[in-house]
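Shown next, in structure tokens, is the structure this report addresses.
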Amino acid sequence: MSNLYKYIGTPERFRALSYKKASNVLDDLPNDVTEYIQNNTLEDLPGIGESIADKIREYINSGTITKYEQLKKEIPHELLEMMEIKGFGPQSIKKIHTVLNITSKNELMKALQSGTIATIKGFGKKRTEAMLENLNLYQQTEKRMLLRDALAIGESILKKLQKIPEIKNIELAGSLRRRKETIGDIDILISANNRDRKKIIHDFTNSDMVKKILAKGNTKASITLKQNDKQVDVRIINDLEWGSALLYFTGSKEHNIHLRTVAKEKHMKLSEYGLFNQISYVRIAGETEASIYQALGLQSIPPEMREDKGEIKLASEQKIPTLISLKDIKGDLQMHSNWSDGTQTIEEIARFIKNHFNYKYIAITDHSQSSRIANGLTEQQILKQIIEIKAINEKLDEAFIKTGIEVDILANGNLDISDEIMAQLDWVTASIHSGFKRDNTDRIIKACQNPYVSCIGHPTGRLIGERNPYKLDIKSIIETAVSTHTALEINAQPQRMDLKDDYVFLAREKAVKLVISTDSHSIQQLDFMTLGVDLAKRAWCKPSDILNTMTWEEIEKWLKTKKRHLMHEMA
DNA sequence: GCCGTTTTCGGCCCGACTGTTTTCAGTCG
């Protein structure tokens, strides 16, 4: 409906804005919208007032919205889907529709190619050529990069550009700096003297990584990369603007808009060039991000939190938490050895970690028997592995390695390993590796109720860009995790990132204990921990929200509470 | 259509670029 109103244009542009905002809020809703209807709390949601609430209720009850159906009749809604494409704005589409009476995508494409559209007043040759190019680009570059890949690419580009001597300051910005789970394009901010800008742009656009130069001016340039066709945008500014520019180019868009509203209320004006007095235009702040937040009466907000999900209010109350960081992590509680589908021996893994990480403990969690492809362990093998780990620990002269398993949750919710065996292990992660097509809420709840299950592994089972999460009532899972003292995993494998940030956010609010683990299958993957920590930051997690920031003694205590609690209940 | 530690009416982020204008609308980030 927002798009339909955008099409109508000026008289309805604020209505369009309202619908867009409400749509964003609905998109991020933790619970099913019907719950808010039942509790009569729909109108309490930000951006949803009486009118939109009525329409939501109408849609839930009848499956349609009268107003929407009415609008659709007057407006070529098939064309409005093209508004996602660069150069296809609502007013352009409107003009094409009213002048040429075009109503479908196919007609529009034909008219573009034949040059008919270039005959409309306001549409020259250059513009229609750009539209065609953007259309092709849109069709081939829909896929986004995984955070891990984008970070690697971004950092290698930084390394290259840092060799340009005229660059004073350089940093990755955009969604990459906010550590979103997937990244569309890579934004880089540079500060330099005005006279050096041209040379920097020249060096950047002529470097060997460039496949195509999309735009090239005095302060900005865009290219596509040889290695994956992805876009890289570079902006150059001066030192005085560094903070305001970094703030602006880091986003999110919603966070920026909200900040600018705050500035306006305080009779200031915020742009990428700085924070100014609205009347005198005197510069108030801009050199650092912190100076701007401070001048707005706000606490500094970490990039990972900048999604306009309430962080600005929190900052105004000076309640931004100290987020978890990599150095808080005391151990990694899911990894695989060559006993199942991992690459290295247990001893190799343990020695590598002791040399390269500051961990106090690790858990070896090979697969259980029903994971045949992953060479899962039988109960006999698990007992043998316990003996081997004991021996290695003696060699290392400390109880560094904890015994564990990633036990399969079977189709009926039972576990693949008997309670007697699990009782002998230090740490049990239970995961689903089959039956992805059905609702798996019941299986996970049943697993949580087992006193020996410490944690649910990759709870939603998704593989980003490859496999959707299975159906799950996340709210029930979170409730069960709380009531049964079961931890939920933040699996830091780049294509998993499971639980995702929104769900971690919900779990944290309900005080679920979370475990960040790498699920490493080789020692090279142990570094994924940083991705998991970044995800936890996006969910506003403090160290105390994360179980593996605790000492092993504290974790043991926590595990015992669960056993005592559930045994008592069963008795 | 939504919202309110200046407001229940009158606002709704800010600036750059592009293509096409002859002073600006539309689009983008």
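Naming convention: chains lettered A, B, ... in sequence-line order (proteins, then strands); numbering from 1 in each chain. These values consider heavy atoms only, across backbone and side chains, with no hydrogens, waters or symmetry-generated copies. Treat the numbers as computed from the prediction; the structure is a model and nothing was measured.
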Exercise answer: donor-acceptor pairs, residues 146-158 of chain A side-chain atoms, under 3.5 Å, sequence neighbours excluded:
residue, atom, partner, partner atom, Å
A:Ser156, OG, A:Ile153, O, 2.9

Mind checking side chain to side chain contact (heavy atoms under 4.5 Å, CB included) for A:Ala492 and listing every partner two or more places apart, or none if nothing turns up? A:Phe528

Determine which nucleotide pairs with B:dG1, using a 3.5 Å limit on both distances of a Watson-Crick or G-U wobble pair. B:dC12

Close N or O pairs between protein and nucleotides 11-14 of chain B (under 3.5 Å):
residue, atom, partner, partner atom, Å
B:dC12, OP1, A:Lys264, NZ, 2.4
B:dC13, O2, A:Arg260, NH1, 2.6
B:dC14, OP2, A:Lys264, NZ, 3.3
B:dC14, O4', A:Arg260, NH1, 2.7
B:dC14, O2, A:Arg260, NH1, 3.3

Does anything in residues 105-114 of chain A pair up under side-chain hydrogen bond (donor to acceptor under 3.5 Å, both in side chains), and if so which pairs, sequence neighbours excluded? A:Glu81-A:Lys105, A:Thr103-A:Glu107, A:Ser104-A:Glu107, A:Ser114-A:Thr116

Nucleic acid contacts - residues 176-204 of chain A versus DNA chain B, non-hydrogen atoms under 4.0 Å: none

With a non-hydrogen cut-off below 4.0 angstrom, is A:Gly251 in contact with a base, only sugar-phosphate, or nothing? nothing

Any residue in residues 299-307 of chain A with a heavy atom nearer than 4.0 angstrom to DNA chain B? Just list them by number, or reply none. none

Results of side chain to side chain contact (heavy atoms under 4.5 Å, CB included) for A:Lys160 - residues two or more places apart only: A:Asp208, A:Met209

Taking only residues two or more places apart in sequence, or in another chain, which ones meet A:Tyr273 in a ring pair (Phe, Tyr, Trp, His ring centres under 6.0 Å)? none

Kindly state which residues belonging to residues 48-58 of chain A come within less than 4.0 angstrom of DNA chain B, counting heavy atoms of the residue only, listed by number. A:Ile48, A:Gly49, A:Glu50, A:Ser51, A:Ile52, A:Lys55

Take A:Thr460 and A:Arg496 through the test side-chain hydrogen bond (donor to acceptor under 3.5 Å, both in side chains) and record every step on the way to the result. CA-CA 9 Å; A:Thr460 74; A:Arg496 288 197 184 271; over 6 Å; no

Across all chains, not counting sequence neighbours, the side chain to side chain contact (heavy atoms under 4.5 Å, CB included) partners of A:Lys319 are A:Leu314, A:Glu317

Ring pair (Phe, Tyr, Trp, His ring centres under 6.0 Å) partners of residues 103-135 of chain A, not counting sequence neighbours, each pair once: none

Output all residues satisfying ring pair (Phe, Tyr, Trp, His ring centres under 6.0 Å) with A:Tyr5, sequence neighbours left out; order by chain, then residue number. A:Tyr19

